[in-house]
Amino acid sequence: MKTYKDLSPSPRTIMTPGPVEVDPRVLRAMSFPILGQFDPEFTALMNETMEMLRTVFYTENHWAYPIDGTSRSGIEAVLTSLIEPGDTVLVPIYGRFGHLLVEISERCGAEVTTLEQEWGKVFDPAQIIQQIRKHPPTILALVHGETSTGCMQPLEEIGKACRELDVLLVVDAVATLGGTKVAVDEWQLDAVIGGTQKCLSIPSGMAPITYNQRVADKIAKRKKVERGLRTAEADTALTGRAIQSNYFDLSQLQDYWSPVRLNHHTEATSMLYALREGLRIVLEEGLEARFQRHKRHERALVAGLTQMGLSLFGDPHCKMPMVTCVLIPDKVDGESVRQMLLHQFGIEIASSFGPLQGKIWRIGTMGYSCNQKNVLHLLGALEATLLRHQVPIHPGLAVQAALDVYEQEQR
Ligand SMILES: *Cc1c(COP(=O)(O)O)cnc(C)c1O
């Protein structure tokens, strides 16, 4: 009989834009015994998770809960529940994940229009606002932090304009939540999707979302009740087209995440433990302190890379603190460098997609992976690897530059 070896993943230093290293406390939380999903002990944990999510999203929204599935399940749940066939959706695209918003919106039957910005830049908010004034769409869908380019779109003015024009603003904050401020209420964002395996440092498998009453109202008009669960009052007052998906029907999920506790799916028990523990860690550190930590290690990393003689990709004015994109030097095989980092040093960095494939490396400093040891190890290992590839860099400076940043900040 064929036998399979014991599972023993190699220890890795993960410096990608997700998935990233997970706090051991979260891993431990995932190993606790299962509770039934309607056990009051478990529903209390669900409620606490919702409460902590509101804090992390800076919102008073009633609705803040996770969708079971990876981050794109959150995006799909929001768009599927909101978009009725014929609704218009505007998607300003400045990287790969903008295209994902287009794809999902089209599948939902929306009439999608796009604006496109060169990868490595973001939009001047005025450009988007001018477009929505000219042709107000039903929904504006936008990425906050584009992990594919390392750029972050300012949202505040856009949120204000959307509210004035009665446009619903849906934001993919998958990569930014927990690493920089995502001020849902202050910026007037109507629905926001976060991610677990990025700055929250929880394994992939859940997508925290939040949305306000404007969104809940549109969804309520489309509510469909599963046959075996119908009560007499259900099924009336529906004016919208029913939501096509059962799994991603936010109106059904609301009944599951509220005291009604109507059965929907079986909550992903161990993932909920993980999310709750991950959020507890975020709140213990403090949101502001956590954002400062992401900026501190970004400063050290950037100082090291530039002293080494490497150039960064993208407009520095809109750089995401948790993703740093590096131009692969001329005539260097970027994949060979990545392979050597992984196999000789146990460090993983990311390549890129589409127009940037083979042109940049992407280095993540997210959540639990965002620490001094990782930054110093990466700089030392990258220097050695590039020397090994005969790249003419300035040896000996990178780690020193990062240490300078750390020492200055300790003073
Ligand atoms: C990672 C990421 C996603 C997709 O997340 P999955 O968990 O892989 O589904 C979507 N949007 C952005 C901006 C991301 O960085």
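Every heavy atom of this structure was used, including side-chain atoms; hydrogens, water molecules and symmetry mates were not. As the structure is a computational prediction, the values presented were derived from the model and not from experiment. For ligands, and for the atoms within them, numbers begin at 1 and follow the listed sequence.
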S.K.: Which of the atoms in ligand 1, numbered in the order shown and given with their element, are less than 4.0 Å from a heavy-atom of Gly145?
M.R.: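 Those qualifying, in numeric order: 13 (C).
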S.K.: Look at the rings of Tyr273 and Phe42 and say which category their plane angle falls in: under 30° parallel, 30 to 60° tilted, over 60° perpendicular.
M.R.: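 Ring orientation of Tyr273 relative to Phe42: perpendicular.
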S.K.: Near Ala175, which atoms of ligand 1 are under 4.0 Å from a heavy atom of that residue?
M.R.: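 Counting atoms of ligand 1 from 1, those under 4.0 Å from Ala175 are 15 (O).
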S.K.: With a 4.0 Å cut-off on heavy atoms, does Gly195 reach ligand 1?
M.R.: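 Judged by the 4.0 Å heavy-atom criterion, Gly195 does not count as contacting ligand 1.
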S.K.: Would you mind telling me if ligand 1 is within reach of the side chain of Gln197, the backbone, both or neither, using heavy atoms under 4.0 Å?
M.R.: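 The part of Gln197 near ligand 1 is the side chain, not the backbone.
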S.K.: Which residue and non-hydrogen atom of the protein lie closest to atom 2 (C) of ligand 1, and at what distance in Å?
M.R.: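 Here the closest protein heavy atom is Lys198 NZ, 2.6 Å.
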S.K.: Salt bridge or not between Glu284 and Arg290? Use side-chain N to carboxylate O under 4.0 Å.
M.R.: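 Answer for the salt bridge query: no.
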S.K.: Take Asn212 and Asn61 through the test side-chain hydrogen bond (donor to acceptor under 3.5 Å, both in side chains) and record every step on the way to the result.
M.R.: CA-CA 5 Å; Asn212 59 21; Asn61 283 347; 5.1 Å; no
S.K.: Could you tell me if Lys181 sits above the aromatic ring of Phe291, with its cationic atom closer than 6.0 Å to the ring centre and no more than 45 degrees from the axis?
M.R.: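 Lys181 over Phe291 ring: no.
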S.K.: Does a side chain donor of either Thr88 or Thr138 reach within less than 3.5 Å of an acceptor in the other side chain?
M.R.: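 Yes, because at least one side-chain N or O of Thr88 sits under 3.5 Å from a partner of the opposite role on Thr138.
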S.K.: How far is atom 15 (O) of ligand 1 from its nearest protein heavy atom, and which residue and atom is that?
M.R.: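 I find the closest protein heavy atom is Thr147 OG1, 2.5 Å.
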S.K.: Do any nitrogen or oxygen atoms of Ser204 lie less than 3.5 angstrom from nitrogen or oxygen atoms of ligand 1?
M.R.: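 By distance alone, the answer is no.
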S.K.: Find all atoms of ligand 1 within a distance of less than 4.0 Å from any non-hydrogen atom belonging to Arg72, and give their numbers and elements.
M.R.: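 This gives 6 (P), 9 (O) as the contact atoms.
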S.K.: Thinking salt bridges, do Arg107 and Glu76 make one under a 4.0 Å N-O criterion?
M.R.: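 No, Arg107 and Glu76 are not salt-bridged.
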S.K.: So which protein heavy atom does atom 3 (C) of ligand 1 come closest to, and at what separation?
M.R.: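 Result for atom 3 (C) of ligand 1: Phe97 CE2, 3.4 Å.
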S.K.: Would you say the side chain of Thr385 lies within less than 4.5 Å of the side chain of Glu383, judging by non-hydrogen atoms?
M.R.: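 SC-SC contact between Glu383 and Thr385 ruled out.
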S.K.: For atom 11 (N) of ligand 1, grab the closest protein heavy atom and report residue, atom and distance to one decimal in Å.
M.R.: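 Here the nearest protein heavy atom works out to Asp172 OD2, 2.6 Å.
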